[in-house]
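Starting from 1, each residue takes its place in the sequence as its number.
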Amino acid sequence: MSPELAGLLRDVPGVETVTPVVRTRVMATFRNGDDLQIRQYAAQGVGADRLADTLDLAVRAGNLADLRGDTVALSRIAAGTLGATVGATVTMNLGDGTPVRPTVVAIYERGLGFGDVTLPHDLVLAHTTDRVDAAVLIAAAGTDVGVLRSAVRDLPTVRVDDRGRSPRRGARPWPASRRSG
């Protein structure tokens, strides 16, 4: 989906938070004793603004609100493998091979299904081939899913899924994603 879709959805009445998500893979480099190791990780780039309203990664340390610029959040498993803690820097290459050394701002529990590496949306998007989002997560209170579907009705490759009530303030997170097939 075009990154502009997030802006369109922000303007829908009742929408409180919109989180664009772009997917990629990264290669992390780290030392294991005297050996240099490389691991590939599933990664996502997300907008950090009110991220907790749309995505619960179960943060164990640090704060996802700090996910801006040259920063990264890691799953507990990735952090353990890389020997990283909040405040440390890690060495990795983005999907297009660009080397980065982001500072760890958070460690989270729920890497499975989301990705072991979470980076700022704009950083990941700029280093992907197609420069499109895989999903847009929406938190809305008092908005019917039909209103969201109506907002994207002229976009035939976008669908709105109702994932039920969120445990946060009664908001409803709706992922808009590309249709498959």
Output every pair passing side chain to side chain donor-acceptor pair (under 3.5 Å) with a member in residues 32-43, not counting sequence neighbours, ordered by first then second residue. none
Suppose the criterion is salt bridge (charged side-chain N to carboxylate O under 4.0 Å, His left out): which pairs have a residue in residues 115-127, not counting sequence neighbours? none
Does any pair with a residue in residues 58-85 pass salt bridge (charged side-chain N to carboxylate O under 4.0 Å, His left out), and if so which ones, sequence neighbours excluded? R60-E109, R76-E109
If hydrophobic clusters are built from ILVMFWY residues whose side chains come within less than 4.5 Å, do [X] and [Y] share one?
X    : Y    : value
V117 : L67  : no
V86  : V100 : yes
L125 : V18  : no
V26  : V72  : yes
L74  : V22  : yes

Contacts of type side-chain contact (heavy atoms from CB on, under 4.5 Å), residue [X], not counting sequence neighbours:
X    : result
L112 : none
R101 : T89, T91
S2   : E4
D11  : none

At their closest point, which heavy atom of [X] faces which heavy atom of [Y], and how far apart are they?
X    : Y    : value
A84  : V104 : CB-CG2, 4.1 Å
P102 : L119 : CG-CD2, 4.5 Å
V12  : A151 : CG2-CB, 3.6 Å
R10  : P20  : NH2-CD, 4.1 Å
G69  : L123 : O-CD2, 4.2 Å
H121 : V21  : CD2-N, 4.3 Å

Would you sort out whether L9 and V152 count as a side-chain contact (heavy atoms from CB on, under 4.5 Å), showing the intermediate values? CA-CA 8 Å; L9 293 170; V152 299; 3.9 Å; yes
Sequence neighbours left out, what passes salt bridge (Lys or Arg N to Asp or Glu O under 4.0 Å) with R110? Give chain and number order. D56
Nearest-0.5 Å distance that lies between atom [atom1] in [X] and atom [atom2] in [Y]:
X    : Y    : atom1 : atom2 : result
T17  : I138 : OG1   : CD1   : 10.5 Å
T118 : I107 : OG1   : CD1   : 12.0 Å
D53  : T19  : CG    : OG1   : 7.5 Å

Any heavy-atom pair between the side chains of [Y] and [X] that's under 4.5 Å?
X    : Y    : value
T81  : F30  : yes
L55  : Q44  : yes
V145 : V160 : yes
T128 : D96  : no

What's in the same ILVMFWY side-chain cluster as M27, cut-off under 4.5 Å, chained through other members? I38
Might you work through the side-chain contact (heavy atoms from CB on, under 4.5 Å) test for L51 and V46, ending with a clear yes or no? CA-CA 8 Å; L51 180 60; V46 297; 3.8 Å; yes
Considering residues at least two apart in sequence or located in another chain, which fulfil the side chain to side chain donor-acceptor pair (under 3.5 Å) criterion with S150? R153
